Number of protein chains: 2
Amino acid sequence: MEKMSFGQILEEKGLKKTKVRMALLHHFLQLKHAQSYNDLQLALKNEIDKSTLYRNLTSFEQAGIIHRINDHSGTSKYAFGELPKGGQDHAHFVCENCETVYCMEVSTPLQLNVPKGFKTKNVQTIIKGICSKC
Amino acid sequence: MEKMSFGQILEEKGLKKTKVRMALLHHFLQLKHAQSYNDLQLALKNEIDKSTLYRNLTSFEQAGIIHRINDHSGTSKYAFGELPKGGQDHAHFVCENCETVYCMEVSTPLQLNVPKGFKTKNVQTIIKGICSKC
DNA sequence: AACATAAATGCAACGTAGTTGCATTTAAAA
DNA sequence: TTTTAAATGCAACTACGTTGCATTTATGTT
């Protein structure tokens with residue numbers, strides 16, 4: 001269970017083991033930070049059709065292989081790993097300078113006093129600031 | 001200072017008191033929840049030009065009359081009132097059913113352990129769940 | 001009140017992110 | 001090997017938002 005091949009990951013999720021998916025997965029496992037559609041196209045040398053890439057990002061997200069991040073830039077970014085469900089322990093740091101998106105953990109659950117009658121299912125936090133490289 | 005007319009609000013911010021802005025402001029003060037561009041157009045009977053509306057939303061945001069919310073839906077929403085700067089005390093609740101966006105307060109500052117070298121400037125939180133009406 | 005001026009408006013055209021329909025190809029089960 | 005459903009590629013399209021430019025309007029000055 002520790003180390004799974006790309007093929008095993010796809011198989012486990014009931015996704016066909018195609019060339020496009022293997023290439024995509026390869027890049028997601030290598031890249032540290034969240035990637036935009038354009039980042040991925042560049043990394044994959046524009047060899048993948050636009051709709052195919054978007055459709056695979058959607059499939060991967062639904063399968064819990066990646067998660068989608070909305071960092072207020074107007075375009076979504078995607079990062080390896082599933083977003084914990086009902087979890088209050090995931091946040092994204094967006095560097096205002098280099099625009100890199102980092103996934104990070106929140107130490108203590110957020111204390112959120114939602115009014116009576118409101119049911120919290122999921123909390124997502126965007127932290128904006130300057131990263132260690134900038 | 002308690003009750004300010006629309007005109008006073010605009011004057012205070014150095015914005016010209018135009019018909020479009022008065023109408024926009026009127027609706028923002030009436031409407032409880034965050035509004036999308038489309039919500040506003042509908043409320044204003046499509047009498048305002050698209051670019052004029054977007055430009056005014058930008059001006060209002062810069063003037064601190066409204067704030068822009070990214071609810072992860074792909075389109076921005078706008079709500080009356082300024083977003084506290086560097087503040088960790090504002091969060092937005094998005095109903096997964098009716099998609100209404102509520103502004104809410106966070107009781108205690110969020111405990112976010114950003115790694116060494118990362119400087120936090122701003123924290124924005126989206127709470128997803130079901131609202132009291134649904 | 002009339003004028004001057006800078007800002008606001010409306011229109012059209014554009015840009016970018018993402019989606020959809022459909023014909024063709026491919027993975028994988030029979 | 002054959003079959004079949006899913007994946008791909010292409011083109012056209014939608015949605016959100018922006019930009020350039022000519023015209024109009026709010027407001028400060030004479």
Side-chain angles (χ1 to χ4, degrees), chain A residues 5-27 34-63 65-79 94 99 101, chain B residues 5-27 34-63 65-78 99 101:
Chain A
S5 70
F6 305 153
Q8 283 176 311
I9 293 175
L10 292 173
E11 205 169 332
E12 192 200 33
K13 305 293 184 179
L15 294 170
K16 280 190 183 173
K17 190 164 52 175
T18 68
K19 278 185 188 175
V20 171
R21 285 179 182 159
M22 294 297 270
L24 240 187
L25 212 45
H26 177 78
H27 278 280
Q35 304 288 309
S36 67
Y37 164 83
N38 282 320
D39 294 338
L40 291 165
Q41 274 297 21
L42 204 72
L44 297 162
K45 295 169 189 167
N46 283 284
E47 282 166 357
I48 301 180
D49 178 70
K50 192 207 275 201
S51 55
T52 301
L53 180 40
Y54 275 117
R55 282 193 275 236
N56 275 319
L57 289 173
T58 304
S59 315
F60 279 17
E61 192 194 2
Q62 284 170 352
I65 297 173
I66 61 171
H67 63 275
R68 188 186 301 243
I69 305 159
N70 189 329
D71 64 353
H72 289 213
S73 72
T75 72
S76 292
K77 292 199 173 57
Y78 306 86
V94 183
E99 284 167 20
V101 176
Chain B
S5 70
F6 305 155
Q8 283 176 310
I9 293 174
L10 293 172
E11 206 171 330
E12 194 200 33
K13 304 293 184 180
L15 293 170
K16 279 190 186 174
K17 191 164 50 175
T18 67
K19 278 185 188 177
V20 171
R21 285 180 182 158
M22 293 297 271
L24 241 186
L25 212 43
H26 178 79
H27 278 281
Q35 305 289 307
S36 67
Y37 164 83
N38 283 321
D39 295 335
L40 291 166
Q41 273 298 20
L42 205 71
L44 297 162
K45 297 167 187 168
N46 281 285
E47 284 167 354
I48 301 180
D49 178 71
K50 192 206 275 200
S51 55
T52 300
L53 181 40
Y54 274 118
R55 282 193 276 235
N56 275 318
L57 289 172
T58 304
S59 315
F60 279 17
E61 193 195 3
Q62 285 171 350
I65 297 172
I66 61 171
H67 63 274
R68 188 185 300 239
I69 304 158
N70 186 338
D71 65 353
H72 296 209
S73 72
T75 72
S76 292
K77 291 199 173 56
Y78 306 85
E99 286 169 18
V101 176

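Just so it is clear, the structure is predicted and the values come from calculations on it, not from any experiment.
Base engagement by A:Arg55 is indicated by at least one non-hydrogen atom pair under 4.0 Å involving a base atom. Using a 4.0 Å heavy-atom cutoff across all strands shown, B:Ser51 reaches at least one base atom of the nucleic acid.
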Before you tell me yes or no, could you show the steps for B:Ile48 and B:Asn56 under side-chain contact (heavy atoms from CB on, under 4.5 Å), namely the whole-Å CA-CA distance, both residues' side-chain angles and the distance that decides it to 0.1 Å?
CA-CA 11 Å; B:Ile48 301 180; B:Asn56 275 318; 5.7 Å; no
Applying side chain to side chain donor-acceptor pair (under 3.5 Å) to A:Ser36 and A:Asn38, what does each step give before you reach the verdict?
CA-CA 5 Å; A:Ser36 67; A:Asn38 282 320; 5.1 Å; no
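A rotation axis mapping the C1' atoms of four pairs onto the next four is fitted at both ends of the helix from C:dA1-D:dT30 to C:dA30-D:dT1 over five pairs, and the angle between these axes is 30° to 10 degrees.
Residue A:Asn38 places none of its side-chain N or O atoms closer than 4.0 Å to OP1 or OP2 of C:dT16. Look at B:Tyr54 and you'll find a side-chain N or O under 4.0 angstrom from OP1 or OP2 of D:dG17. The shortest distance between the side-chain N/O atoms of B:Thr75 and the OP1/OP2 oxygens of D:dG17 is not below 4.0 Å. OP1 and OP2 of C:dA8 both lie 4.0 Å or more from every side-chain N or O belonging to B:Thr52. At C:dT9, one or more side-chain N or O atoms of B:Asn56 fall inside 4.0 Å of OP1 or OP2 (strictly under the cut-off).
Atom NZ in B:Lys50 sits about 16 Å away from atom P in D:dG20, given to the nearest Å. Distance CG (B:Asp49) to P (D:dA22): 17 Å, rounded to an integer number of Å. Distance B:Gln62 CD to C:dA8 P: 11 Å, rounded to the nearest Å. One interatomic measurement links the two molecules: CG of B:Asn46 to C1' of C:dC11, which rounds to 15 Å at whole-angstrom precision. Rounded to whole angstrom, the span from the CG atom of A:Leu40 across to the P atom of C:dA17 amounts to 13 Å. The distance between atom CG of B:Leu57 and atom P of D:dG17, rounded to the nearest whole Å, is 9 Å. Computed from coordinates, the B:Leu53 CG to C:dC11 P distance equals 14 Å when rounded to whole Å. If you measure from atom CG of B:Leu15 to atom P of C:dA7, you get 12 Å, rounded to the nearest angstrom.
Between the side chain of A:Arg68 and the backbone N or O of A:Ser76 there is no donor-acceptor pair closer than 3.5 Å. Looking at B:Arg21, its side chain does come within 3.5 Å of a backbone N or O of B:Lys16 through a donor-acceptor pair.
B:Leu53 is listed as a side-chain neighbour of B:Tyr37, based on a closest heavy-atom distance under 4.5 Å. In this structure, B:Met22 and B:Leu10 have side chains that are in contact, with non-hydrogen atoms separated by less than 4.5 Å.
When the nucleotides C:dG18, D:dA7, C:dG10 are ranked by their closest atom to the side chain of A:Thr18, D:dA7 comes out on top. When each of D:dG9, D:dT27, D:dG17 is scored by its nearest atom to the side-chain atoms of B:Lys16, the top-ranked nucleotide is D:dT27.
Mapped onto DNA chain D by nearest heavy atom, A:Ser59 and B:Lys17 fall at different nucleotides, with A:Ser59 at the one closer to the 5' end.
The neighbour count for B:Lys13 NZ, taken as heavy atoms of other residues, nucleotides or ligands under 6.0 Å away, is above 12. Counting non-hydrogen atoms of neighbouring residues, nucleotides and ligands closer than 6.0 angstrom, the CD atom of B:Glu99 reaches no more than 12 such neighbours.
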